[in-house]
Amino acid sequence: MLTTLAAARSTRATRPGLSTTRVGAVIGRNVGALRSGPSYWIVLVSGFFEPLLYLLSIGVGVGALVGDLTAYGRTMPYAAFVAPAMLAVSAMTGALAETTFNVFFKLKYAKTYEAMLTTPVRPVEIAFGELTWATVRGSLYTAIFLGVMVALGLAPVGGALAAFPATILVSLAFGAVGLTISTLMRGWQDFDLLNTGQFAMFLFSGTFSPVQNYPAWMEVLIQVTPLYHAVELVRGLSLGVYGLGLLGHAAYLLVMLAAGLWFAARRMERLLCP
Amino acid sequence: MIFARDLVKRFGDFTAVNGIDVEVAPGEAFGFLGPNGAGKSSTMRMISCVSAPTSGELRILGMDPVRDGTRIRARLGVCPQLDHLDPDLTVRENLTTYARYFGLSRAEGRRRADELLDFVQLRDRAGSMVEPLSGGMKRRLTIARAMINEPDIVLLDEPTTGLDPQARHLLWERLFRLKQRGTTLVLTTHYMDEAEQLCDRLVVMDGGKIVAEGSPRSLIETYSTAEVVELRFPDGLDLNADYAAKMSGIGERVDPLPDRVLLYADDGDAALTEVHRRGLTPSSVLVRRSTLEDVFLHLTGRTLVD
């Protein structure tokens with residue numbers, strides 16, 4: 001990942017390396033914003049509840065009608081099938097909310113990054129800082145969510161511990177792509193498009209039923225989209241169903257992370273340093 | 001401090017800066033003067049190393065902005081045209097957060113923030129968010145922010161545009177103190193009084209080129225006369241050109257405007273006597289010293305640029 005970014009090094013760069021101090025300062029700005037007022041907290045807290053409410057209403061509520069479900073060669077309560085998917089969704093929404101909504105605002109309206117770039121901070125350091133922060137936010141959601149899963153008996157403690165690092169990867173991958181999306185957004189209307197895409201993935205990525213239930217063409221389509229891989233990886237680890245397939249899913253997310261960061265750093269450079 | 005030779009900036013087909021030569025000495029207050037679209041801000045962005053020159057040579061503090069951008073920016077203080085202060089942070093945090101971008105420790109950031117808040121007279125607003133501040137306060141905070149790294153050069157892009165007279169004078173006074181401390185100031189402005197107040201030396205830009213260069217005084221001497229007589233006639237609107245024709249030969253130059261006629265002469269009173277002798281009876285007369293504004297309008301024309 002770091003080598004990919006070194007290749008994306010800009011003309012303004014002094015050295016190919018990144019300054020962790022400056023990346024830290026970019027993150028520190030968000031910590032400051034968090035301390036300064038309640039508005040950020042509202043955004044932060046509200047983002048956590050959505051997947052949890054779905055878990056309770058559909059996983060537990062509808063699950064009572066559905067009964068047990070057989071997948072991955074084992075039989076489990078429906079809620080145990082849905083919970084890891086909602087976990088992956090939390091990681092996705094946490095990271096995406098930060099890197100799309102917040103980053104877009106800072107990029108286009110608050111001009112936060114223009115101010116940063118009059119200092120030694122470089123665009124690629126902004127990309128790294130924002131991605132790290134988004135991942136912290138996503139991982140905060142998933143850590144709490146895993147606690148809920150364990151408490152409800154939907155995942156063993158060992159499974160939860162194994163799944164947590166995977167949710168970090170999910171946040172990183174979606175966060176990196178979110179950064180790129182922010183640099184391509186024309187205005188707030190584009191967020192409707194993003195929301196629709198996110199919601200479609202949320203419904204179909206093997207979240208509420210195994211993808212094998214869909215017609216073959218849809219199954220293939222789903223397997224191309226990212227949330228499917230996130231769900232499969234997180235679910236495999238939390239249920240303890242290991243296999244080579246998990247490596248494939250992880251590789252998909254790693255490529256997504258590297259490509260997202262590379263594009264984001266380049267686009268930011270283009271937008272901010274014309 | 002700054003050295004530019006044949007500096008060019010193009011955006012696609014549009015040439016914003018078209019081959020300028022600039023040299024700024026340490027401790028100098030240097031101004032870029034010009035109408036909107038003259039290329040001042042593009043030049044400033046190149047000097048602040050956020051925009052790479054298309055061609056030509058540019059050295060800041062002896063370094064190349066493309067290669068050493070990070071190192072140069074560590075020693076610059078930039079006060080952009082729009083304040084873009086951080087709306088999610090308090091006044092003080094705007095400074096301490098900014099200090100971190102320069103790699104200063106938290107303690108050092110806090111120390112400098114408090115010192116600068118005193119300097120720009122915002123100490124009592126330290127805990128306030130940015131939004132309720134007045135335009136003048138925001139601009140002062142931006143200047144404080146630009147000084148957090150104790151820069152060798154402070155770049156100010158239209159520092160007082162949009163401020164009321166009190167706020168402008170307070171700001172000028174603070175900038176003058178900065179200059180007295182030996183900080184090099186580079187600013188853009190389209191206010192002539194600002195250029196006269198602050199700049200030791202300035203260039204007038206128009207259409208991406210430098211059209212004149214010198215101290216405010218020397219520019220006035222070169223491109224204008226010592227005095228200007230402003231004459232208004234009761235029926236002037238359509239006849240100013242005729243009146244101007246009747247004044248030809250008086251002073252050095254006659255310039256008919258829609259609302260008044262400007263008569264450029266080294267001795268305004270003598271010129272006025274001659275006007276009266278020729279039987280012209282203006283309804284109001286003002287004899288004043290020539291200003292940079294006269295130079296500016298003479299050099300860059302009177303047509304609206306945008």
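Below, read A as the first sequence line, B as the second, and so on, with proteins coming before strands; counting in each chain starts at 1.
- The CG atom of B/Leu104 lies 11.0 Å from the OG1 atom of A/Thr21; values are rounded to the nearest 0.5 Å.
- In the displayed structure, B/Arg111 atom CZ is contacted under 6.0 Å by more than 12 heavy atoms of other residues, nucleotides or ligands.
- When all heavy atoms are compared, the tightest approach of B/Tyr101 to A/Pro120 is O-CD, 3.8 Å.
- For B/Ile148, no part lies near chain A; criterion is any non-hydrogen pair under 4.5 Å.
- For A/Tyr109, the OH atom counts as densely surrounded, since its 6.0 Å shell holds more than 12 non-hydrogen atoms of other residues, nucleotides or ligands.
- Using a 4.5 Å cut-off between heavy atoms, B/Pro80 makes no contact with chain A at all.
- Under a cut-off of 6.0 angstrom, the local environment of CD in A/Glu50 is sparse, with at most 12 non-hydrogen atoms contributed by other residues, nucleotides or ligands.
- Heavy-atom distances place both the backbone and the side chain of A/Thr118 under 4.5 Å from chain B.
- We find the CZ-CZ distance between A/Arg122 and B/Arg73 to be 8.5 Å, quoted to the nearest 0.5 Å.
- The closest donor-acceptor contact from the side chain of B/Tyr98 to the backbone of A/Ala115 lies under 3.5 Å.
- Across all non-hydrogen atoms, the minimal contact from A/Ala110 to B/His84 is O-CB, 3.5 Å.
- Considering only heavy atoms from C-beta on, B/Leu82 stays 4.5 Å or farther from A/Glu114 through its side chain.
- In this structure, A/Arg29 pairs ionically with B/Asp88, as a charged nitrogen and a carboxylate oxygen lie closer than 4.0 Å.
- Of the two parts of B/Arg45, only the side chain, counted from C-beta on, holds a non-hydrogen atom closer than 4.5 Å to a non-hydrogen atom of chain A.
- Sparse packing is recorded around CZ of A/Phe263, with 12 or fewer heavy atoms of other residues, nucleotides or ligands lying under 6.0 Å away.
- Annotation for B/Phe11: atom CZ counts as buried by contact number, over 12 foreign heavy atoms lying within 6.0 Å.
- Residue A/Arg35 holds its CZ atom at 9.0 Å from OG1 of B/Thr90, rounded to the nearest 0.5 Å.
- Counting heavy atoms of neighbouring residues, nucleotides and ligands inside a 6.0 Å radius, atom CZ of A/Phe101 does not exceed 12 of them.
- Minimum heavy-atom separation, B/Asp86 to A/Thr112: OD2-CG2, 3.6 Å.
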